[in-house]
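Report on the following structure.
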Amino acid sequence: MSEHVVLFAGPMGSGKTTAIRSLSEIDVVSTEATNTDRATADKETTTVALDYGEITLDDVTKVRLYGVPGQKRFDFMWSILAGRARGLLLLINNDAPDSVNLLIEYLSDFRELHERGAVIIGVTKSDVASTPTVAEYSAALTAAVPEQLIPVFTVDPRNAEEMRTLLLSLVASVEMRELLAPAPEKI
Amino acid sequence: MNQPLAPATVPSHLNPVHIDAGNRTLAEMQDLASSLTFAAMLTDDGFEIVHLNGAHTDGGRFASMSSSVQALSDAVAHELKIGTNEYVIIASELGHVIQLRVQGHPIVIAALFDTHETLGKGLSIARIAARRMAELIA
Ligand SMILES: Nc1nc2c(ncn2[C@@H]2O[C@H](COP(=O)(O)OP(=O)(O)OP(=O)(O)O)[C@@H](O)[C@H]2O)c(=O)[nH]1
Ligand SMILES: [Mg+2]
C-alpha cells in the first residue's frame, strides 16, 4: 500500500474544509472557530489550525488529506503542514476579488512545496462568478512559473466525485515526480 | 443612555465593551500575580482583543497561535471522548502558558507566567479571570 500526503490550501472560503469533508472516509479532524471576519468570507466558521481526513484510492493508495487555514495570520500552520506534503491542491474561489493575482500570491507562499512536489489548481465557486476563465488562470500561471506546467480545473468542493477526480490526477502527478526524483528517506 | 451598546454581531476585537472588560480583567490578573509576564485575550478565530505586557511579543501572531493550539486541543479532547477541554497548558523551562475559554463566549484567555509561579496558582488565577470576563460582558 502506498501512502501520500496532500495539502489543501487557498484563500478563506475557497472550500478546503468542504473538499476534505467530501473526500474523507474517516471522521475528519476539524478545528473550526466562530468566524469574525465576515467581510472576507461570509460563513459561520473558519479553520484555525487544520483539517485532517483520509481516503483510499483504487484499494492500494492511501492519501492523507491536510487542510490549512486560508487566512495568512495562520501561515505558521502552512509551514508546519507543507513540510509533510508532497502534493498541493490549491483551491481558488472564482468570486474572490482579483482572484488571478490572489492565486499567484498563494502559489508563491507554497513555492517550496510545489517545487519539490506536484501541484494542481481547483477553481471553485464558478457557479457564483463565471469569470475569470480557466484560460486566464493558466496564462497567469505560465507567466509566473514558466518552468512548470500547472493544470487548472474547475471543481465544486461539495461534489465528492469531482474532488476525487482532481485528487486522482494530483496523486498521479506526485507518483510521477517520485519516480523521477525519489523521496528522501523518511524521518 | 445616549451611547448605544454594541450589537452582539460586532466581533469582540472591535467591540468597545469587550475591549474595556478585557483590559480590566487582565489588569486584575496582574494584581493577583506579578509573575504574569504576558497575557492576551483573543477571539476563537485568533484576533487579539487586548493584551498586557506585550512589549516583547508579537500580539497578533501570538493570538493566531493560541487560537490554533486551543482548537487542536479541543479536537484531541473530542477525538478521545474525554468531555470538554478545560485548560491548555504549555509548560516550558522558563515559563508556562495557560489557556482557557471564557464560558459562553468565543473568547480565549492566554497567560504566560514565569516559573516563579506554581502551575496550580496560575490555573486558579486564569480561572478567576475567565469568570470575571464572563461577568463583565454578560
Ligand atoms: N456555490 C458554491 N458554494 C461553494 C462552492 N465551493 C464551496 N462552497 C461553499 O463555500 C463555503 C466554503 O467554506 P469552507 O470549506 O469552510 O472554506 P475554507 O476554504 O475551508 O475556508 P477557511 O478555512 O476559512 O480558510 C462552504 O459554505 C461551501 O458550501 C462552489 O463551488 N459553489
Ligand atoms: Mg477551512
Side-chain angles (χ1 to χ4, degrees), chain A residues 5 7-18 20-21 24-54 64-85 106 109, chain B residues 6-19 22 40-51 57-82 84-85 88 90 99-110 137:
Chain A
V5 177
L7 195 72
F8 290 64
M12 188 180 185
S14 58
K16 305 172 293 292
T17 299
T18 307
I20 290 178
R21 287 183 177 166
S24 182
E25 298 159 349
I26 62 161
D27 281 346
V28 295
V29 177
S30 331
T31 58
E32 294 296 292
T34 307
N35 172 28
T36 57
D37 185 7
R38 300 294 278 253
T40 305
D42 191 17
K43 57 194 184 97
E44 288 294 321
T45 66
T46 185
T47 307
V48 295
L50 52 77
D51 303 299
Y52 177 74
E54 290 175 5
R64 298 177 184 276
L65 315 163
Y66 283 94
V68 292
Q71 299 178 69
K72 199 168 172 60
R73 306 183 287 122
F74 295 103
D75 61 1
F76 54 90
M77 288 305 306
W78 300 359
S79 351
I80 293 173
L81 295 176
R84 307 178 170 203
Y106 271 82
D109 285 326
Chain B
T9 49
V10 174
S12 291
H13 60 289
L14 305 175
N15 183 333
V17 176
H18 287 199
I19 292 172
M41 252 187 236
L42 45 124
T43 62
D44 260 12
D45 63 341
F47 286 103
E48 182 181 284
I49 305 168
V50 289
H51 72 249
T57 312
D58 179 340
R61 195 166 166 83
F62 178 76
S64 301
M65 289 189 141
S66 290
S67 128
S68 301
V69 165
Q70 187 74 35
L72 278 172
S73 314
D74 290 350
V76 170
H78 177 81
E79 182 73 22
L80 300 177
K81 302 186 174 64
I82 51 174
T84 312
N85 170 30
V88 180
I90 301 171
Q99 287 189 198
L100 81 175
R101 279 226 160 72
V102 174
Q103 273 287 303
H105 298 272
I107 296 177
V108 175
I109 297 179
I137 61 176

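Protein chains get the first letters and strands the later ones, always in sequence-line order, with residue 1 at the start of each. Basis for what follows: all heavy atoms, side chains included, without hydrogens, waters or symmetry-related copies. Please read all numbers here as calculations on a predicted model, not as lab measurements.
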Exercise. From B:Asp44 CG over to A:Thr45 OG1, what is the distance, rounded to the nearest 0.5 angstrom?
Worked result: 11.0 Å
Problem set entry | Options B:Ala71, B:Ser12, B:Ser68, B:Pro106, ranked by heavy-atom pairs under 4.5 Å with chain A, top entry | B:Ser68
Exercise. So what's closer than 4.5 Å to chain A heavy atoms on B:His78: side chain, backbone, both or neither?
Worked result: neither
For this session: Using modelled atom types only, decide if a donor and an acceptor are shared between the side chain of A:Arg73 and the backbone of B:Arg61 within a distance under 3.5 Å.
Result: no
Problem set entry | Over all atoms of both residues, closest heavy-atom pair of A:Phe74 and B:Ser64 | CE2-O, 3.3 Å
For this session: Determine whether the side chains of B:Asp45 and A:Thr46 contain a donor N or O and an acceptor N or O closer than 3.5 Å.
Result: no
Exercise. Considering residues, nucleotides and ligands other than A:Asp27, do more than 12 of their heavy atoms fall under 6.0 Å from its CG?
Worked result: no
For this session: Mind running side-chain contact (heavy atoms from CB on, under 4.5 Å) on B:Asp74 and A:Thr31 for me, showing each step along the way?
Result: CA-CA 8 Å; B:Asp74 290 350; A:Thr31 58; over 6 Å; no
Exercise. For B:Thr43, is it the side chain, the backbone, both or neither that has a heavy atom under 4.5 Å from a heavy atom of chain A?
Worked result: side chain
Exercise. About how many Å separate CG of B:Leu72 and CE of A:Met77, when rounded to the nearest 0.5 Å?
Worked result: 5.5 Å
Problem set entry | Region of A:Gln71 in contact with chain B, defined by heavy-atom distances below 4.5 Å | side chain
Exercise. For A:Ser30, is it the side chain, the backbone, both, or neither that has a heavy atom closer than 4.5 Å to a heavy atom of chain B?
Worked result: backbone
For this session: Evaluate whether atom CD of A:Glu25 has more than 12 neighbouring non-hydrogen atoms of other residues, nucleotides or ligands under 6.0 angstrom away.
Result: yes
For this session: Under 4.5 Å heavy-atom distance to chain B, tell me which part of A:Asp37 shows up: side chain, backbone, both or neither.
Result: both
